[in-house]
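Start at 1 with the first residue, then count along the sequence.
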Amino acid sequence: MKTCKKSVLALSIQASLLAAAMGLSPALLAQESDKDQAVEETKLERIMVTAQKRVQSTQEVPISIATLSGEKFDALFAGGEDIQALSGKIPGLYAESSNGRAAPRFYIRGLGNTDFDLAASQPVSVIMDDVVMENVILKSFPLFDIEQAEVIRGPQGTLFGRNTTAGIVKFNSVKPTQDFEAYTKATVGSYGTINVEGAAGGGLTDELSARISLMNQNRDDYVNNGFTGEKDFTGGHDEKAGRLQFLYDTDAFSALLNVHGRKLDGTSTLFRANILTPGSNELNENYDRDTVYYDKGDGNFQKYDNFGASLTLEFDIDGMTFTSITAQENADGKGKGDIDGGHRIDSNFDNIPEQMGPGFIPFDAVTEDQLDDLEQFTQEFRLASDTTEALDWQVGAFYFDSSFGVTSIDGFFGATTVYHGNESWAVFGQSTYNLTDRWDITGGIRYTYDEKTFWVGQQNVDGVALVVPDANGNPSASIQVYDPIKVDDGQVSWELSSNYRLTDSTSVFGRVASGFRAQSIQGRDVAFEKAPSVADSETITSFEVGAKSDLLDDSLRLNGALFYYTIDDIQLSAIGGETQGNQLINADKGVGYGFEVDAEWRATKSLVVGGGFSYNNTELKDQNLLVAPCGSGACTPTDQSGGNGLVFIDGNPFPQAPETILTVNARYDIPVSTGEIYIYGDVARQGETNLFLYESMEYRTNGNFEAGLRIGYLNFDNDYEVALFGRNITDEENLKGAIDFNNLTGFVNEPRIIGVEFKKNFF
């Protein structure tokens, strides 16, 4: 298969053109027979992806991959949702956060990390415009003017700069072109939601083009404080973001400059005290979506700023393409939360019911986290073949350097700052050989070296203990000073895959791949006078087989994959519990197996039905591993006791790993004289999910459900659209996560949003 010229920079543009080329003009259609026309109108569009760093049809890639774009993608974010709206909308993909809009946690095939800290390491990579977003704050950059999202399941690394053990969530923004195009979009919805978005671009000279994209999302505070009586106390957000791109393109050289920024003034996750009853995972009478009972936390605010830039250069060199991607990302900000989710005004801890609530709250817990001067620099070089030969190949090198501080401020010990540094480099390569016109085989290899450092802030050169101010600003007792930590590791990972086209419309594939996640350091417990923790490197070996088919005259697309993986020394975060800690640990092994199916069917000219299903069975295997269950005896653990207040977790599922995900969407349109009226709906259902490493009666969910509906009118003559939409239209109240060290605190999904959206295109 020929590697496309401009293999990275113009991927999105080429994909759009190729997709458009699959259609027929009205003039040509008029010449066809009625039967041929009917067949053509029920064909699905070809979907192009860049999962292997070149433009390919999804049906040609020997990897389990799913995409979202266009109307399906836009519908998810109509109400001003953040990146977590993707959760459950693609089989095998889940996302959640206990840090509001600012720090999402992604899971693919059940594999992720529940660590809530700003220094958390995650096995799922988020890549935006070919740049890895490593820190959790960078991962939350808002999605607007996006051409396509791709979810690439399983270990990746022989083609992508940053190694990953679980998979990749990849976003491609719309790139500049020589043709003028623009759009503006405005939304008004419930809770004072007002969203404005727009973009404009076109040629500046024969070789230079530009595109600017802007977004502003607002929602009023709508949650009352039942403790103070304050109305509209919290819950809103104001988020602004922009992207400016310049593309210089000639026959043999191109350069793309991407400058982007974001400013968030929002609300951290709203924790709600004792909304679960001992022995049950159902929300009880203490829960009211529109009310919290806070005595601290300053409204659970969060404020974060991001700014970044990347420069992508491509050169054609005698049958090859050389690519350089240089990127710098910066971020800082802070967030605060009333972690106990309620109020306690009795300073003597006399447990007077009238002075605390809702329910029993053993002690106040409020925390402010600050991200200090995050700087991430990445450099990637790639050299790729650009020929029509049977063999195509890519080789590359990657460098990553990141540093930042995390300051934790709580009500007991004052402020503690720790610093993290991470330097990594890798060399990688991948090659595909076409054995026949129908059969190709791919192999890849990578070596990664990773070094992480950690130290406690304001430590003097003599190692003298720090003096930390208490809550009133007075000097408190000295805290322990820990020696700086440095860990490093280097390992080889690889992959081997093959794709065989049984027919012109059906192929089968197989893939075996390994992945590597380097050692991690977590220093959050220093703020609570406990030692930092280190997790050893984890390695994964993954097997998958699958089939991809375009059936029924290309009106039905059916893709599926079976997978099995084992992770040695799987990194886990033991969070909360009786110890109230955040400790990194390793289990001997983790095992996962299951399948995913992605489908789309154009049943008629007017009706398209799509969706998918995934099944993930995950299991921790370590007969000796113990963790602390919930604090204060609040919950009902079901694991075997190991003594000293600890329980065994051998045999438990991975935390926050849905056993099943079901998603269904459908679109029906009715032609009218100037355009069409359409109805679009989507449904997502999440199966059984355990929230922590240990199992209990309370901290688990099953059957979480959300649905969206959109009814709109498209005017083809004047290129505008107006639509009435609803997200979470049945106003489901789904438990998403919990805090387990103080009381039966939980947090839930976003409320129902109903609104009207108007969009106008300009060409």
Side-chain heavy-atom pair Phe595, Phe613 within 4.5 angstrom cut-off: yes
Taking every non-hydrogen atom, the tightest pair across Pro104 and Ile83: CG-CG2, 3.7 Å
Lys/Arg N to Asp/Glu carboxylate O, Asp489 vs Lys452, below 4.0 Å: no
Under 3.5 Å side-chain donor-acceptor pair for Tyr449 and Asp488: yes
Polar contact flag, side-chain donor to acceptor under 3.5 angstrom, Thr326-Gln379: yes
Side-chain donor-acceptor pair present, Asp598, Asn559, cut-off under 3.5 Å: no
side-chain hydrogen bond (donor to acceptor under 3.5 Å, both in side chains) partner of Gln430, the single match among Thr442, Thr158, Asp392: Thr158
Polar contact flag, side-chain donor to acceptor under 3.5 angstrom, Asp450-Asn422: yes
Centroid-centroid under 6.0 Å between Tyr447 and Trp425 rings: yes
Leu693 side chain reached by Leu620 side chain, heavy atoms, under 4.5 Å: yes
Side-chain H-bond candidate by donor/acceptor type, Ser121 with Arg517, under 3.5 Å: yes
Salt-bridge criterion met for Asp588 and Lys621 (N-O under 4.0 Å): no
Over 12 non-hydrogen atoms of neighbours within 6.0 angstrom of NZ in Lys589: no
Closest contact, heavy atoms only, Ile325 versus Val131: CG2-CG2, 4.2 Å
Student check: side-chain heavy atoms of Asp622 and Ile649 closer than 4.5 Å: no
Side-chain donor-acceptor contact under 3.5 Å, Glu150 with Thr67: no
Test item: side-chain donor near acceptor, Asn113 and Ser573, under 3.5 Å: yes
Geometric cation-pi criterion Arg109 and Phe563, 6.0 Å radius, 45° cone: yes
Polar side chain donor-acceptor pair, Arg511 to Ser497, under 3.5 angstrom: no
Parallel, tilted or perpendicular: ring planes of Phe73 versus Phe77, cut at 30 and 60 degrees: tilted
Spatial distance of atom CD1 (Ile137) from atom CG (Asn306) [nearest 0.5 Å]: 7.5 Å
Mutual orientation of the aromatic rings belonging to Tyr564 and Tyr593 [parallel < 30°, tilted 30-60°, perpendicular > 60°]: parallel
Spatial distance of atom CD1 (Ile441) from atom CH2 (Trp439) [nearest 0.5 Å]: 7.0 Å
Distance in Å, Leu86 CG paired with Ile90 CD1, rounded so as to fall on 0.5 Å steps: 6.5 Å
Gap between atom CD of Glu329 and atom OG of Ser402 - 0.5 Å precision: 10.5 Å
Val534 side chain near Leu584 side chain, heavy-atom distance below 4.5 Å: no
Rounded distance (nearest 0.5 Å) linking atom CZ of Arg501 with atom OG1 of Thr436: 7.0 Å
Arg243 and Met128: CA distance, side-chain angles, deciding distance, side-chain contact (heavy atoms from CB on, under 4.5 Å) verdict: CA-CA 12 Å; Arg243 183 188 302 114; Met128 294 189 175; over 6 Å; no
Short side-chain to backbone donor-acceptor contact, Ser498 and Asp440, under 3.5 Å: yes
Geometric class of the Phe253/Tyr248 ring pair [parallel <30°, tilted 30-60°, perpendicular >60°]: tilted
Least distance between heavy atoms, Ala561 atom then Glu544 atom: CB-OE1, 4.3 Å
Gln522 versus His420, side-chain donor and acceptor atoms under 3.5 Å: no
side-chain hydrogen bond (donor to acceptor under 3.5 Å, both in side chains), paired with Asp145, selected from Lys175, Arg211, Gln245: Arg211
The single option from Asn586, Asp650, Ile585, Asn652 passing side-chain contact (heavy atoms from CB on, under 4.5 Å) against Leu625: Ile585
Test item: Ser69 and Glu147 side chains (from C-beta on) under 4.5 Å apart, heavy atoms: no
Nearest-0.5 Å distance that lies between atom CG in Asn499 and atom OG in Ser507: 4.5 Å
Phe106 six-ring centre to Lys139 NZ/CZ under 6.0 Å and within 45° of normal: no
Which atom of Ser542 lies closest to which atom of Pro155, heavy atoms considered: CB-CD, 3.5 Å
Other residues, nucleotides, ligands: >12 heavy atoms within 6.0 Å of Trp494 CH2: yes
Between Glu96 and Tyr107: side-chain donor-acceptor atoms closer than 3.5 Å: yes
Closest approach of Phe654 to Gly110 (non-hydrogen atoms, all atoms of both residues): CD1-O, 3.4 Å
Residues that Phe171 engages under ring-ring contact (aromatic ring centres under 6.0 Å, His included), provided they are two or more places apart: none
